[in-house]
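Below is one structure, written out as structure tokens, with a few remarks after it.
Below, each value reflects all heavy atoms present in this structure, side chains not excepted, and no hydrogens, waters or symmetry copies. In what follows, chains carry the letters A, B, and so on, assigned in the order in which the sequence lines appear, proteins first and then strands, with residues in each chain numbered from 1.
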Protein chains: 2
Amino acid sequence: MDFYKAAGVEPIGTYQRTHFSNQVTKDIVGKEIVLIGWTHILRDKGKIKFLILRDEHGTVQIAIPQTKVPEAVFETSSQLKPETAIAVHGTVVATTQLSSGAEVLPTKIRILNTAERLPIDIVEGKVDIELDTRLNYRILDLRKPSINAIFRIQHSLVRFAREYLESQDFVEIHTPKIVAAATEGGANLFEVQYFEKKAYLAQSPQFYKQLMLLAGFGRVFEIAPVFRAEKHNTRRHVNEYTSFDFEMAWISGVEDVMKMEEQMLNHSFKKTKEFAASELELLGIDLEIPKIPFRRIKYTEAIDLLNNAGKNLAINDDLDPECEQLLGQIFPEKYGTDMVFITHYPLELRPAYTMPSMTDEGMTESFDLTYKGMEITTGGQRIHLYHLLVERFKAKGFNPDDFTFYLDPFKYGAPPHGGLGLGVERLTMQILGIDNIREATLLPRDRDRLTP
Amino acid sequence: MDFYKAAGVEPIGTYQRTHFSNQVTKDIVGKEIVLIGWTHILRDKGKIKFLILRDEHGTVQIAIPQTKVPEAVFETSSQLKPETAIAVHGTVVATTQLSSGAEVLPTKIRILNTAERLPIDIVEGKVDIELDTRLNYRILDLRKPSINAIFRIQHSLVRFAREYLESQDFVEIHTPKIVAAATEGGANLFEVQYFEKKAYLAQSPQFYKQLMLLAGFGRVFEIAPVFRAEKHNTRRHVNEYTSFDFEMAWISGVEDVMKMEEQMLNHSFKKTKEFAASELELLGIDLEIPKIPFRRIKYTEAIDLLNNAGKNLAINDDLDPECEQLLGQIFPEKYGTDMVFITHYPLELRPAYTMPSMTDEGMTESFDLTYKGMEITTGGQRIHLYHLLVERFKAKGFNPDDFTFYLDPFKYGAPPHGGLGLGVERLTMQILGIDNIREATLLPRDRDRLTP
């Protein structure tokens with residue numbers, strides 16, 4: 001049976017896309033091409049129609065004057081509704097009406113799939129739809145070029161950060177997400193029924209990436225989902241996100257980790273600026289490459305800056321989102337940059353595995369990277385000395401016996417090491433000036449949202 | 001307080017690794033170098049000791065003749081136990097005893113971390129330890145160069161497969177692993193307590209990667225964990241594994257998907273052969289690059305081959321592991337290759353979203369890729385026509401109302417598309433001739449194993 005005929009559509013058949021929309025310029029006037037995509041906008045002026053075809057790289061105008069196109073083409077164009085999937089065979093012609101200098105005069109239009117009336121408008125600037133509604137129709141919402149562009153940029157950031165690490169002899173690992181114990185205590189864990197046992201979803205690959213250094217991989221990275229059962233619903237939290245983690249052995253100290261991150265981000269920003277130039281332009285983003293070295297300040301200096309700005313913080317107080325935002329205003333004025341490492345956090349504010357500082361009593365060899373008023377990375381040197389690690393676990397109120405799978409390997413020549421975790425969605429939102437992390441998450445999961 | 005002194009070790013300090021073990025050759029005789037790694041083997045011959053240092057790229061011999069090294073070095077070397085973490089400063093000297101033509105005469109040895117007596121032996125060839133015991137001590141087991149090499153090769157395979165897709169305009173996506181509904185019915189799902197709701201762990205990114213094409217990404221891929229609550233415990237199943245998925249829009253048919261996979265694997269095998277040459281050599285693997293195009297045969301032909309070989313199969317019978325193994329013996333003889341696409345599986349054996357064939361009644365536009373007697377990929381063209389898709393869901397006994405988040409977007413101009421899922425661990429095991437998939441899984445999760 002012919003499923004296509006039954007659906008009133010045609011197969012692509014021998015049609016092969018020859019050009020993307022953004023390749024239709026005056027340089028190829030006269031060329032016969034095939035474009036494939038969706039009916040983005042159709043303007044019917046009676047004897048002439050203008051079809052804006054959208055594909056993954058932009059839009060292109062198809063002019064359909066009744067007198068100049070085959071009758072079948074004019075007829076087919078009357079059947080087009082917004083979001084009809086089509087293939088257009090035609091000739092590139094010059095026009096002064098468009099900045100590209102070119103449009104297409106079609107010789108054939110093939111309908112590849114039909115479209116019902118859309119439940120939300122996806123032509124930009126027409127209606128301002130609430131985020132929640134847009135997320136309900138996320139698949140359609142993503143068709144907006146400006147929304148789609150966010151994730152092309154995100155891909156580019158990840159791709160080139162990974163490229164840098166691979167150039168530095170890092171090995172990519174895939175560690176389990178179903179785990180028997182928490183990384184940092186039992187809070188914020190999703191419970192899984194694992195056959196007859198209770199298990200949990202990993203809130204971080206922290207223990208495993210460290211253990212892989214103890215397993216003889218010198219440098220490892222992982223880009224994978226993590227799960228946080230945080231009950232609050234804020235603009236900067238989702239319950240499942242993509243964590244970009246790396247960990248490196250044989251370091252002299254935490255400075256080696258920070259240097260690696262600087263180089264990695266510098267490379268990623270530079271390459272993204274080139275590779276995703278058109279997406280950045282579409283979003284009106286002039287991506288500034290952060291100069292290296294990034295500025296470093298100590299936690300205690302940050303506390304002073306905040307207190308000078310009217311806060312009333314004591315040592316060991318957390319730098320909450322409000323503080324981060326305030327620092328995001330202070331840093332550019334004071335240091336001429338919005339990318340700052342805050343170092344030497346107190347032992348009290350850091351996880352049990354963080355290396356205590358020998359120079360700054362009560363502090364740690366750790367850091368956060370803040371970018372435009374938000375923490376996007378947490379990292380540090382880790383404890384590689386077994387007895388110190390056990391002591392710190394106890395000091396944090398953990399029972400070391402619950403963590404033998406993690407602690408025991410430290411008895412056998414664990415290398416000095418450190419690393420970091422970078423939130424992919426947070427990095428994306430800060431770069432693009434997005435206010436709510438859900439906008440930078442392909443299919444967000446939050447307190448109230450488990451679909452689509 | 002000096003944590004290092006308390007632990008009886010030294011910090012790396014200003015020591016920086018200048019060379020990896022595999023870079024110590026007769027070409028650099030006379031050079032002063034720093035090596036960092038573990039005491040792999042120590043042979044004490046009284047007045048001379050031989051220390052084999054292991055790092056992430058191999059091993060190197062340090063000769064310690066009492067008369068030729070500083071007294072402190074000779075003394076330190078007496079404290080070394082297997083797996084002590086050390087830094088060695090020394091001079092490269094020529095030797096005819098080793099194939100590398102060089103060993104190191106140390107001027108300083110720094111103990112970076114101590115090691116207790118190991119619970120399992122990790123020097124290769126000494127003792128044959130059961131897999132289960134080795135997996136209990138997985139972190140130590142991975143220190144064996146031959147075990148570590150498996151995952152360096154796995155990284156290379158994934159890296160260069162991804163590289164190929166990125167060259168072909170694919171976008172990497174990160175889709176949620178906590179989902180509200182099953183991809184292919186309710187079997188084999190792990191249940192998650194998601195706040196007050198019941199949710200599940202994704203058994204595949206299938207629905208989401210398809211939806212991303214409907215969302216306007218032309219080509220997408222994802223490399224991420226998937227979760228299968230299969231109760232059996234076989235040599236080719238684990239309950240969490242890494243799935244390498246891609247999906248491409250605007251295809252003419254399933255052949256486009258198979259061609260993409262051929263090119264991708266060809267590229268990945270070729271680059272891995274270069275990049276992971278030393279790891280492949282260590283494992284004694286002469287990686288054969290599969291010639292393209294791969295051989296294609298239809299499911300019905302495979303059934304005939306099997307029946308000729310003594311089986312008694314009917315159309316719609318599944319090709320079980322035993323059949324796959326038998327085909328793995330037949331293919332090289334008959335077709336001169338161990339990499340074969342089996343196409344046109346019956347509708348009955350394929351998921352609801354698989355495109356029915358118009359040429360082969362009752363069959364589908366789908367394929368498996370079998371490699372050395374095991375299926376490593378399942379793929380196909382997907383249904384992009386809404387009414388056909390709903391009809392096929394019903395035919396499989398599903399209630400379409402349970403899948404509106406997936407089905408509804410097909411109303412709005414869904415592009416023709418297809419794709420595949422490739423098991424990263426299975427590909428690794430077939431390439432390396434590994435018998436049990438747990439050996440090709442960094443930290444396996446099975447019916448009985450939830451740690452480390």
Side-chain angles (χ1 to χ4, degrees), chain A residues 3 7 12 17 36 38 56 83-85 112-113 115-116 118 139-140 142-143 148 152 155 171-178 180 190-195 197 199 211 214-218 225 240 242 250 252 358 384-385 387-388 405 409 411-416 442-443 445 447 450-452, chain B residues 2-3 7 12 17 36 38 56 83-85 112-113 115-116 118 139-140 142-143 148 152 155 171-178 180 190-195 197 199 211 214-218 225 240 242 250 252 384-385 387-388 405 409 411-416 442-443 445 447 450-452:
Chain A
F3 313 111
I12 287 190
R17 175 190 274 147
I36 297 183
W38 286 276
E56 45 263 64
E83 301 306 313
T84 305
L112 304 177
N113 213 345
E116 291 185 16
L118 264 60
I139 310 307
L140 297 174
L142 283 161
R143 286 193 183 177
N148 206 280
R152 294 180 172 274
H155 170 215
V171 174
E172 185 171 18
I173 55 173
H174 307 280
T175 67
K177 303 307 155 205
I178 303 182
F190 287 115
E191 198 178 283
V192 182
Q193 187 62 40
Y194 192 78
F195 303 110
K197 293 177 204 135
L211 289 177
L214 275 60
F217 298 97
E240 177 177 350
T242 307
W250 312 115
S252 296
M358 285 205 295
H384 63 289
L385 305 167
H387 293 289
L388 179 59
F405 83 95
K411 295 175 183 169
Y412 310 108
L442 197 58
L443 296 159
R445 293 289 178 258
R447 192 81 170 80
L450 197 50
T451 52
Chain B
D2 189 335
F3 313 111
I12 287 192
R17 174 190 274 147
I36 297 184
W38 286 276
E56 45 263 63
E83 301 307 312
T84 306
L112 305 177
N113 213 344
E116 291 185 14
L118 264 62
I139 308 308
L140 297 174
L142 283 162
R143 286 192 184 177
N148 206 279
R152 295 181 171 271
H155 170 216
V171 174
E172 186 171 16
I173 54 173
H174 307 280
T175 67
K177 303 306 155 206
I178 303 181
F190 287 113
E191 197 179 283
V192 182
Q193 188 62 41
Y194 193 78
F195 302 110
K197 292 177 205 137
L211 289 176
L214 275 60
F217 297 96
E240 176 177 349
T242 306
W250 312 115
S252 296
H384 62 290
L385 305 167
H387 293 288
L388 179 59
F405 83 95
K411 295 176 182 168
Y412 311 106
L442 197 58
L443 296 159
R445 292 290 179 255
R447 192 81 170 80
L450 197 50
T451 51

Exercise for review: Just give me the residue among B:Asn148, B:Ile36, B:Leu140, B:Leu388 that pairs up with chain A most often, heavy atom to heavy atom, under 4.5 Å.
Suggested key: B:Asn148

Review point. What is the ring orientation for A:Trp38 with B:Trp250, classed by angle as parallel under 30°, tilted 30 to 60°, or perpendicular over 60°?
Key: perpendicular

Point to revise | Engaged part of A:Ala414 at the chain B interface, taking heavy atoms whose separation is under 4.5 Å | key: both

Practice item. Output the option from B:His174, B:Gln193, B:Glu116, B:Lys177 having the highest count of non-hydrogen pairs under 4.5 Å with chain A. Key: B:Glu116

Study note, to complete from the structure: Given A:Pro409, A:Ala215, A:Ala115, the one with more heavy-atom pairs under 4.5 angstrom with chain B than any other is A:Ala215

Review point. Is it the side chain or the backbone of A:Leu112 that comes within 4.5 Å of chain B heavy atoms, both, or neither?
Key: both

**Study point:** Heavy-atom pair count under 4.5 Å with chain B, highest-scoring of A:Thr84, A:Ile139, A:Ile173, A:Leu142
**Key:** A:Ile139

**Study point:** A:Asn113 side chain vs B:His384 backbone, donor-acceptor pair below 3.5 Å
**Key:** yes

Point to revise | Proximal component of A:His387, with respect to chain B [non-hydrogen, under 4.5 Å] | key: neither

Point to revise | Which portion of B:Pro416 sits near chain A, non-hydrogen atoms under 4.5 angstrom | key: side chain

Practice item. Measure B:Leu211 against the heavy atoms of chain A and call it side chain, backbone, both or neither at under 4.5 Å. Key: both

Review point. With only heavy atoms counted, which part of B:Arg447 is less than 4.5 Å from chain A, the side chain, the backbone, both or neither?
Key: both

Review point. Taking every heavy-atom pair that is under 4.5 Å apart, which of A:Pro176, A:Ser252, A:Gly216 has the most such pairs with chain B?
Key: A:Pro176

Review point. Taking A:Ala199, A:Gly413, A:Ala85 one by one, which has the highest count of heavy-atom pairs under 4.5 Å against chain B?
Key: A:Gly413

Check your understanding: Does the side chain of B:Lys197 come within less than 4.5 Å of A:Leu450's, by heavy atoms?
Key -> yes

Check your understanding: Out of curiosity, A:Ile178 CD1 to B:Glu240 CD, how far, rounded to the nearest 0.5 Å?
Key -> 5.0 Å

Exercise for review: Would you mind checking which part of B:Leu214 comes under 4.5 Å of any heavy atom in chain A, side chain (CB onward), backbone (N, CA, C, O), both or neither?
Suggested key: both

Practice item. Below 4.5 Å from any heavy atom of chain B, which atoms of A:Thr242 appear? Answer side chain, backbone, both or neither. Key: side chain

**Study point:** Mutual orientation of the aromatic rings belonging to B:Phe195 and A:Phe190 [parallel < 30°, tilted 30-60°, perpendicular > 60°]
**Key:** perpendicular

Revision key, fill the gap. Pair count under 4.5 Å, heavy atoms only, with chain A: among B:Thr451, B:Leu443, B:Thr175, highest is B:Leu443

Review point. Rounded to the nearest 0.5 Å, how far apart are CZ of A:Arg152 and CD of B:Glu172?
Key: 13.5 Å

